[in-house]
Q: 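Have a look at the structure that comes next, please.
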Amino acid sequence: MLAEVASGGASEVVPKVTTLLKRFLTAKQLKQLHGLILVHGLNHLEGLVIRHLISFPSDYYQGIAHYLRLILRHSKQPDVFTATSVIRYFCNHGGFHEAFAQYVDMQRSGLLPSSFTVASALKACARLGNENGGMMIHCQVHSHGFCGDVYVETALLGFYTKVKDMETAQKLFDEMSERNVVSWNSMIDGYVRSGNIPLAEKVFSTMPNKDTVSWNTMVSGHSKTRNMEKALRLFQEMPERNPTSWNVMIRGYIDSDNIDLAQNFYNSMPQRNTISCITMITGYTKHGDVESARELFNNMSQKDQSLYNSMITCYSKNSHPKEALSLFDEMLQPKSNIQPDKMTLATIISACSQLQNFNLGSWIHESYMKQINITMDDHLRTALIDLYSKSGSITKAEELFKELHKKDIVAYTAMILGCSINGKEHIAIQVFDEMMASKIRPNLVTYSGILTALSHIGMVKKSYQCFDSMKNFGLEPTPDHYSLMVEIIGRNGRLDEAYDLIKSMPMEPHVGVWGALLRACATHGNVELGEIAAKHCFELESESSGYGSLLANIYASVGRWEEAKRLRERVHEKGSVKVPGSSWMDHQLE
DNA sequence: CTAGGGTTAG
């Protein structure tokens, strides 16, 4: 029939094409048919092609989305129904930016959205946290007269609850003439998300017909706030449980660091799904138990993309980048034949960065992503910022940083750290200030980055300010942060002050802290404190001789040759000349 | 509408 279309006259072609498009077609056939449609100038039939395209199994999302983008770029806007299907398709597969862009394009070409269009576009805005977009659509709801449509109103509610504007959500909810179970559940979810458990409970208790989702949402509210007693009580009270109910409990125990109870729930649930397994793997990832995670992974008979992603992440997060890469390779093998997605690649880029395999990392960026039609997003950009800054291509990293749609804490931190290790300390400080100005909460990693920058340029006063500001964000400095401070203060020659800081630590200083003091004492030839610091280093890490050499240097620097010689001999006897790793140390050795 | 997988240090 395809051949007939190719040869036939225009009048017979239309019904044939229409019939064909209702059948099952392979991707190749569809492409051919699409070509013929264009040859015959039947552009109005493109909508059918698009709708056919998005009915393919979602495994092919990357390819389908790519083809869709091509069609949408080169043709005139599809009809409302088709455009809406496209928006929904993007939405259901995580392409929220594209969903929203399609909605905007549709408006631009003068098409009036339907209630379905509006509901889908709102969902995209909700998931993107695009507050302006959502509010704009809210206005259109009024001007297009969609008020009173339960689906639209519930979508609006979903938008406001997702962006945590519970005041507006509550107002909308109160004014709704008709509410369905989803509207109620959205309200519970909204209060749970904004951390207001009492109000969530209030909605939950006044809700007329609770379904399993209502119960699960409430249980997850308690488990998110680490109230596992209450979560368990509700879980037991539920009239009906589905796998999600169990998964929520497992996640709660994992978040409360109770991996044993999580394990118990996992073992006793009547039906496990992939998400149960992924949740457990995440728990093991957090606990650094790579072996148990792998065991669970191996036991799954059906392994999908997400499961692979969770295991690859487990390896990458626990500093097993080689294993991450080999599992990535395994998933691409014909016998498993699973497509990687953005998440896979973000993790793999991180693994490349850890392995210093910059060629593989930039090949993924420059070539592989295009090959498999994966479009850039902010998580990928962040992973690449780290990769490029670790390989010294700080300019590339800065470019990617500029391209970010939303700069989150991870992106800022990666950039700050990237600047710090590439001799752009002042830029690092600038980026840090910019982050503070945009009211993004720094975390412990951010402070490691900025203190590293400050340590390179020895800005003592600014470092103190920075260090002291940690408590404004409820952050407790870790021994690593103290090490950095000791290094900064000590390198400036203020050794007693550095020692005082160590003594003020609320926890036991680890070897890094004493090592920083010892190195500072070596620089400034302070025997008294150097001996104290060295003593602690020996106690904490007797097998390393680097500390002995440092102390010997101190003796030598003040002319106490005998002691220096004796110490060096002892170091030599031990046979080990290993020096503890430290960026500062490396500079000293150069 | 509920459950899962991504990116930053050491």
Side-chain angles (χ1 to χ4, degrees), chain A residues 94 123 126 154-155 157-158 161-162 180-190 192-193 207 210-221 223-224 242-252 254 272-283 285 304-314 316-317 319 340-351 353-354 377-387 389-390 400 404 408-418 420-421 442-452 478-481 483-484 510 512 581-583:
Chain A
K123 191 180 169 189
T154 305
L157 203 61
T161 56
K162 280 273 191 310
N180 58 23
V181 69
V182 179
S183 336
W184 283 91
N185 288 343
S186 291
M187 287 304 289
I188 302 175
D189 177 53
V192 163
R193 263 171 211 283
M207 181 172 177
K210 302 179 198 32
D211 68 357
T212 314
V213 175
S214 330
W215 284 89
N216 289 346
T217 310
M218 206 57 239
V219 172
S220 102
S223 87
K224 274 176 192 149
N242 59 15
T244 303
S245 325
W246 291 84
N247 293 343
V248 168
M249 290 301 291
I250 294 174
R251 180 56 189 247
I254 286 171
R272 284 174 280 275
N273 56 22
T274 320
I275 296 183
S276 325
C277 182
I278 291 170
T279 310
M280 277 310 296
I281 290 181
T282 315
T285 301
D304 66 8
Q305 192 187 53
S306 317
L307 190 67
Y308 267 99
N309 284 350
S310 68
M311 193 61 226
I312 292 175
T313 302
C314 180
S316 173
K317 279 230 168 93
S319 315
D341 66 357
K342 293 176 193 229
M343 298 194 193
T344 326
L345 294 193
T347 313
I348 290 303
I349 289 168
S350 160
S353 181
Q354 291 175 51
D377 76 354
D378 281 355
H379 284 302
L380 276 166
R381 282 190 189 93
T382 306
L384 287 166
I385 288 172
D386 174 63
L387 179 91
S389 50
K390 296 250 167 75
L400 283 157
L404 288 167
D408 68 357
I409 185 57
V410 182
Y412 271 116
T413 305
M415 196 65 239
I416 290 169
L417 200 78
S420 321
I421 59 178
N443 60 27
L444 292 171
V445 189
T446 322
Y447 275 102
S448 289
I450 191 66
L451 287 174
T452 302
T478 70
D480 287 336
H481 297 99
S483 302
L484 285 161
H510 63 14
S582 144
S583 56

Q: Using only side-chain N and O atoms of K224(A), determine if any of them is under 4.0 Å from OP1 or OP2 of dA3(B).
A: yes

Q: I'd like to know if S306(A) reaches the base of dG4(B) with its side chain such that a donor and an acceptor end up less than 3.5 angstrom apart.
A: yes

Q: Assign K210(A) to base, sugar-phosphate, or nothing according to its heavy-atom contacts below 4.0 angstrom with the strands shown.
A: nothing

Q: Return no unless some side-chain N or O of S350(A) is found under 4.0 Å from OP1 or OP2 of dT8(B).
A: yes

Q: Need one value for T217(A): base, sugar-phosphate or nothing, where a base atom within 4.0 Å counts as base even if backbone is also close, heavy atoms only.
A: sugar-phosphate

Q: Which part of the nucleic acid, if any, lies within reach of D377(A) when heavy atoms closer than 4.0 Å are counted: base, sugar-phosphate only, or nothing?
A: base

Q: For dT7(B), take OP1 and OP2 only and decide whether either is under 4.0 Å from a side-chain N or O of K390(A).
A: no

Q: Within less than 4.0 Å of OP1 or OP2 of dT7(B), is there a side-chain N or O belonging to T347(A)?
A: yes

Q: Pair Q305(A), T344(A) - check side chain to side chain donor-acceptor pair (under 3.5 Å), show working.
A: CA-CA 8 Å; Q305(A) 192 187 53; T344(A) 326; 5.1 Å; no

Q: So, T244(A) versus N247(A): side-chain donor-acceptor pair below 3.5 Å or not?
A: no

Q: Do N273(A) and dG4(B) share a donor-acceptor pair, side chain to base, under 3.5 Å?
A: no

Q: For K317(A) and dG6(B), is the shortest distance between a side-chain N/O and OP1 or OP2 below 4.0 Å?
A: yes

Q: Whether R251(A) contacts dG5(B) is assessed here as follows: a side-chain N or O lying under 4.0 Å from the phosphate OP1 or OP2. Is that the case?
A: yes

Q: Any side-chain N or O of S448(A) less than 4.0 Å from the OP1 or OP2 oxygen of dG10(B)?
A: no

Q: May I ask you to verify if any side-chain N or O of T382(A) is less than 4.0 angstrom from the OP1 or OP2 atom of dT8(B)?
A: no

Q: Between dA9(B), dG6(B), dC1(B), which nucleotide has the shortest distance from any of its atoms to the side chain of V213(A)?
A: dC1(B)

